[in-house]
Peer 1: 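Here it is: the structure, laid out below.
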Amino acid sequence: MSNEAAHPVSDSGSEERKSLNFIEQKIEADLAAGKHGGKVITRFPPEPNGYLHIGHAKAICVSFGLAAKYGGVTNLRFDDTNPEKEDTEYVNSIREDIAWLGFDWKGGEFYTSDYFEQLYAFALQLIDEGKAYVDDQTPEAIAAQKGAPGVPGTNSPFRDRTPAENRALFEQMRAGQFPEGACVLRAKIDMAHPNMLMRDPLMYRIKFAHHHRTGDAWCIYPMYDFAHGQSDSIEHITHSLCSLEFENHRPLYNWFIEQLGIYPSEQTEFARLNLNYTIMSKRKLLRLVQEGVVDGWDDPRMPTISGLRRRGFTPASIRNFADRVGVAKRNNVIDFSLLEWALRDDLNRVAPRAMAVLRPLKLVVVNYPEDQVEWMETVVNPEDESAGTRTMPFGRELWMEQDDFRVEANKKWFRLAPGKTVRLKSAFIVEYVDHLTNDEGEVTEVHVRYIENSRSGQDTSGVKAKGTLHWVHAGHAVDAEVRLYDRLFSEPSPDKDSEVDFMEYLNPDSLEIIQGAKVEPLLAEAAPGITYQFTRLGYFAADSKHSKPGAPVFNRAVTLKDGWKG
RNA sequence: UCCCCGAUGGUGUAAUGGUAACACACCGGUUUUUGGUGCCGUUUUUCCAGGUUCGAGUCCUGGUCGGGGAACCA
């Protein structure tokens, strides 16, 4: 059960929109030119070394979305060439997150490690053609020979080994006859190339590490640059979309494909998503988890997909967000408010409404019979008639929100105060009678009188109430814990300053836990996966980790927009 | 120092040589039994200098500014 299951959302972007982003323009040009046999196959290539975040969500929406738009498919490929960092746990979470977002990898599920044998054969091919060599130098020596931007590098003394010699050496590398670090396989390109990545880049290194899929079958592993393009090529990926940081890699990507004479996949780069008041680096997110600053990768304050899910975000809202963000090559920082807007926009249409009082204040309807309970009918969602109606118990003793009462108030105050009259949502209009205070001067109880013929839907009283309050019947109320979240960082760009640790910018008030909130009976069994609108408060979802039937724990996904300038 | 990429309101994204537009944010109004939603509206924009052209955000040249670029990471 989820908001989306109950209300299938037609995907955004369906409305006519003439303008195409630069990748769509390229694809249409390619299609028009009959390139790639008129096909569009994309891929999403996560390294299984962490959890997916909202930045990946954008990339997923772009790669899967574009393929779908042009009648193609998308492959999911786990880029697992570094066994020391990768794990099956991450593979599973990545699968779950992509599926939850609403995409399926019709093209298939692949692993770069599936291609290790093929990649090895490619390496031998280059060796035999004199385009790759085994280098016995230390990492330090190789780095020193790289030169610098503007300064040409120098050739390795091992650069001119014969193909036969290189082949024998490389075979020995695979056979485990050399220790880690003893040698590497390098492409023979140009040590004076202006692009540093073209200065005889490493293709293979020795690692006696256990791989999550191939186990101990290999002790040499290909580097990213020698694996990614060829993997795309093997899968006949037509449009390999990635982030800007790989622009400098494109010449290398093309070089390997050209030298090998294999399927000409093409790489196109676009700007990754940046969101203010948060961080996107996997390494930093991991630190938040490891240092216990948050409650795991799926803490509702985390920008991870699992965190957003736990917080109460819907897949449709994230897809819509990605759509609004757009695709371009310019570096960008998106306002967090756009994400919140996307959530509200979706939830306003699909979220069932419910009554909850976060900070309860006793409200006594003094002229209402002591033992009487009436079940008031109300709509489940005013934006969706098909959602129907439900009933809520009403009686003499109710809970109201502390924030909705003031002892002193001016004309702009629409809520309850001495002399004021308000509507109790879906029930009666009530007028102030008096209130009680304790020794500290705090208000402990508010007394009102209800107007009998003002019942919701059958109001003949003629009385006007400017404000409408939410409430819960005391006798039927269920206690709940409610967790209110604010942005995790108080600084728009927590990693703006390399001198300052981003942890310095943590927002100390990013989580507020409220015990003893009072919610209407139907919320007692609320299940994670469905996000409710708590009337006048915001959108809330039961917490998947801590909520239990009868003892619910709610996460606030986002507040309602508050237009009150009081 | 060299290579690559980018520059349009506060933030994003369009305009594909022909009136700079859309969304978010902001501000104001209106509707409302959610101070929500909806609806209407205000404010704010082409980095600089030359050039081509009847006409330049768009093309050319130079500059400025910003981002990326050396890993036995991806």
Side-chain angles (χ1 to χ4, degrees), chain A residues 17-21 25 45-47 49 79-82 84-86 112 135 138-139 142-143 146-153 180-186 193-199 201-207 220-221 223-225 227-228 242-251 269 271 276 282 321 323-342 344-345 348-349 353 355 378-379 382-383 412-415 422-429 454 456-457 459 465-470 533-538 559-566:
Chain A
R17 192 167 53 160
K18 311 171 258 199
S19 67
L20 303 175
N21 67 48
Q25 289 172 29
E47 182 186 14
N49 69 343
D79 206 355
D80 54 353
T81 58
N82 187 356
E84 287 164 350
K85 292 186 179 173
E86 295 146 7
T112 302
D135 194 333
T138 62
I142 291 176
K146 277 268 171 175
V151 181
E180 280 188 22
C183 51
V184 293
L185 183 71
R186 298 178 73 179
H193 201 286
N195 181 341
M196 300 286 296
L197 290 165
M198 299 293 276
R199 321 245 262 224
L202 269 61
M203 293 162 61
Y204 270 92
R205 77 285 211 188
I206 299 171
K207 261 185 205 292
I220 55 172
Y221 292 93
M223 302 289 290
Y224 167 85
D225 285 308
H228 202 96
C242 63
S243 52
L244 256 25
E245 56 188 305
F246 292 102
E247 274 176 322
N248 294 319
H249 293 250
R250 180 155 28 95
E269 313 84 13
N276 57 14
K282 277 188 197 174
F321 170 72
D323 201 48
R324 298 293 171 141
V325 157
V327 178
K329 300 191 73 161
R330 173 180 1 170
N331 294 308
N332 60 78
V333 182
I334 308 295
D335 271 346
F336 200 86
S337 61
L338 186 66
L339 219 207
E340 296 185 327
W341 169 82
R344 291 193 190 104
D345 183 57
N348 177 53
R349 281 173 292 160
R353 315 287 130 125
M355 295 278 217
T378 188
V379 296
E383 305 296 318
K412 285 171 139 180
W413 181 258
F414 295 170
R415 285 115 96 156
V422 300
R423 157 78 62 183
L424 294 182
K425 173 83 179 162
S426 303
F428 299 97
I429 291 177
S454 70
S456 206
D459 187 348
K466 281 200 121 170
T468 301
L469 270 43
H470 59 280
Q533 183 192 113
F534 287 180
T535 300
R536 298 213 303 137
L537 296 174
T559 61
L560 248 28
K561 201 170 148 190
D562 188 358
W564 185 50
K565 304 294 186 301

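So that the names make sense, note that chain A is the first sequence line, chain B the second, and so on, each numbered from 1.
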Peer 1: Would you say A:R199's side chain and A:K146's backbone share a donor-acceptor pair under 3.5 angstrom?
Peer 2: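 Yes, because the side chain of A:R199 sits within donor-acceptor range (under 3.5 Å) of the backbone of A:K146.
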Peer 1: Just name whichever nucleotide pairs with B:U16, Watson-Crick or G-U, keeping both distances under 3.5 Å, else none.
Peer 2: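 Matched B:U16 with nothing under the 3.5 Å cut-off.
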Peer 1: What I want to find out is whether A:R250 reaches A:E269 closely enough, with some N-O distance under 4.0 Å, to be called a salt bridge.
Peer 2: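 A salt bridge links A:R250 with A:E269.
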Peer 1: Quick check for you: to the nearest 0.5 Å, what is the distance between A:Q533 atom CD and A:R353 atom CZ?
Peer 2: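 Here the interatomic distance stands at 4.0 Å.
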Peer 1: Looking for any heavy atom pair under 4.0 Å, which part of the strands does A:N49 touch: base, sugar-phosphate only, or nothing?
Peer 2: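 Here A:N49 touches no strand at all.
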Peer 1: How long is the gap from CG on A:L469 to CZ on A:R423, to the nearest 0.5 Å?
Peer 2: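 Nearest 0.5 Å value for the CG-CZ distance: 11.5 Å.
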Peer 1: Just call it for A:K282: base, sugar-phosphate, or nothing, with non-hydrogen atoms closer than 4.0 Å on any strand.
Peer 2: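 Counting heavy atoms under 4.0 Å across all strands, no contact is made by A:K282.
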Peer 1: Rounded to whole angstrom units, what separation is found between the CD atom of A:E383 and the P atom of B:U31?
Peer 2: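 Those two atoms, CD and P, are 18 Å apart.
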Peer 1: Could you measure between the two C1' atoms, the one in B:U45 and the one in B:A7, and give it in whole Å?
Peer 2: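 It comes out at 13 Å once rounded to the nearest Å.
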Peer 1: Would you check, one step at a time, whether the test side chain to side chain contact (heavy atoms under 4.5 Å, CB included) holds for A:M223 with A:V184?
Peer 2: CA-CA 10 Å; A:M223 302 289 290; A:V184 293; over 6 Å; no
Peer 1: Rounding to a whole Å, what distance do you find between A:R344:CZ and B:U37:P?
Peer 2: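 Distance check: A:R344 CZ to B:U37 P gives 8 Å.
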Peer 1: Between A:K466 (NZ) and B:U34 (C1'), how many Å, whole number?
Peer 2: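 About 16 Å, once rounded to whole Å.
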Peer 1: Would you say a side-chain N or O of A:R349 is under 4.0 Å from OP1 or OP2 of B:U37?
Peer 2: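 Checking A:R349 against B:U37: no side-chain N or O falls below 4.0 Å of OP1 or OP2.
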Peer 1: Grab the CZ-P distance between A:F414 and B:U31 for me, whole Å please.
Peer 2: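 To the nearest whole Å, that distance equals 12 Å.
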Peer 1: Treat primed atoms plus P, OP1 and OP2 as sugar-phosphate and everything else as base, then score nucleotides 64-74 of chain B 5' to 3': B for base contact with protein heavy atoms under 4.0 Å, S for sugar-phosphate contact only, - for none.
Peer 2: ---SBBBSBSB
Peer 1: Measure the OG-CG distance between A:S337 and A:N276 for me, rounded to the nearest 0.5 Å.
Peer 2: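 Taking OG in A:S337 and CG in A:N276, the distance rounds to 7.5 Å.
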Peer 1: If you check every side-chain atom of A:K561, which of B:G35, B:A15, B:G36 has the closest atom?
Peer 2: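 Side chain of A:K561 sits closest to B:G36.
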Peer 1: B:C24 P sits how many Å from A:N332 CG, rounded?
Peer 2: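 Atom-to-atom, A:N332 to B:C24, this comes out as 18 Å.
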Peer 1: What is the distance from atom NZ of A:K207 to atom CD of A:E84, rounded to the nearest 0.5 Å?
Peer 2: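 Reported to 0.5 Å precision, the distance equals 3.5 Å.
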Peer 1: Quick one: A:H470 NE2 to B:U34 P, roughly how many Å, whole number?
Peer 2: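 Whole-Å distance recorded here is 13 Å.
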Peer 1: Roughly, in whole Å, what's the span from CG in A:D335 to C1' in B:C24?
Peer 2: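 Answer to the nearest Å: 7 Å.
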Peer 1: Report the base-pairing partner of B:A7 (Watson-Crick or G-U wobble, both distances below 3.5 angstrom), or none.
Peer 2: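 B:A7 is paired with B:U64.
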Peer 1: List the atom of A:D79, the atom of A:E86, and the distance in Å for their closest heavy-atom pair.
Peer 2: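 That closest heavy-atom pairing would be O-OE2, 3.6 Å.
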Peer 1: Please state the C1' separation for the pair B:A25 and B:U44 - nearest whole angstrom.
Peer 2: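 About 12 Å, rounded to a whole number of Å.
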Peer 1: Heavy atoms under 4.0 Å, any strand shown: does A:G457 hit a base, just sugar-phosphate, or nothing?
Peer 2: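 Base contact.
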Peer 1: A:D345 or A:A328: which one's nearest nucleotide on RNA chain B is closer to the 5' end?
Peer 2: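 Residue closer to the 5' terminus by nearest nucleotide: A:A328.
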Peer 1: Categorize A:R353 for me: base, sugar-phosphate, or nothing, with a 4.0 angstrom heavy-atom threshold over every strand shown.
Peer 2: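 Since a base atom lies under 4.0 Å of A:R353, the category is base.
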Peer 1: Give one of base, sugar-phosphate or nothing for A:V151, where a contact means two heavy atoms less than 4.0 Å apart.
Peer 2: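 The residue A:V151 makes no contact with any strand.
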Peer 1: With both distances under 3.5 angstrom, what nucleotide forms a Watson-Crick or G-U wobble pair with B:C2?
Peer 2: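 Its partner is B:G69 (Watson-Crick or G-U wobble, both distances under 3.5 Å).
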Peer 1: Tell me which of A:K329 and A:V325 sits closer to the 5' end of RNA chain B, going by the nucleotide each one is nearest to.
Peer 2: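 On the 5' side of the pair lies A:K329.
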Peer 1: For B:G57 versus B:C47, give the span between their C1' atoms, rounded off to a whole number of Å.
Peer 2: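 Result for the C1' pair: 12 Å, nearest Å.
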Peer 1: In whole Å, measure the gap between the C1' atoms of B:U8 and B:U13 for me.
Peer 2: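 So the two C1' atoms sit 10 Å from each other.
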Peer 1: Shortest non-hydrogen contact from A:R205 to A:T81?
Peer 2: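 So the two residues come closest at NH1-O, 3.5 Å.
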Peer 1: A:R330 side chain: which of B:G12, B:A7, B:U34 is closest?
Peer 2: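 Nucleotide nearest to A:R330's side chain: B:A7.
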Peer 1: Ignoring the backbone of A:L338, work out which of B:A15, B:G35, B:C24 is nearest its side chain.
Peer 2: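 Minimum distance to the A:L338 side chain belongs to B:C24.
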Peer 1: For B:U46 and B:U11, measure between their P atoms and round to the nearest Å.
Peer 2: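 13 Å, rounded to whole Å.
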Peer 1: Taking CG from A:L339 and P from B:A25, how many angstroms apart are they, rounded to a whole number?
Peer 2: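 Going from CG in A:L339 over to P in B:A25 covers 12 Å.
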Peer 1: Please measure how far the C1' atom in B:A21 lies from the corresponding atom in B:G28, and state the result in whole Å.
Peer 2: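 Going atom to atom, C1' in each nucleotide, I get 22 Å.
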Peer 1: Under 4.0 Å, heavy atoms only, any strand: does A:T535 hit a base, just the sugar-phosphate, or nothing?
Peer 2: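 Since a base atom lies under 4.0 Å of A:T535, the category is base.
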Peer 1: Report which part of the nucleic acid A:R250 touches: base, sugar-phosphate, or nothing (heavy-atom distance under 4.0 Å, all strands).
Peer 2: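 Contact class for A:R250: none.
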Peer 1: Please state the C1' separation for the pair B:G9 and B:A14 - nearest whole angstrom.
Peer 2: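 That atom pair is separated by 14 Å.
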Peer 1: Sticking with atom P, work out how far B:U58 lies from B:G17, rounded to a whole angstrom.
Peer 2: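 The answer is 12 Å between these two P atoms.
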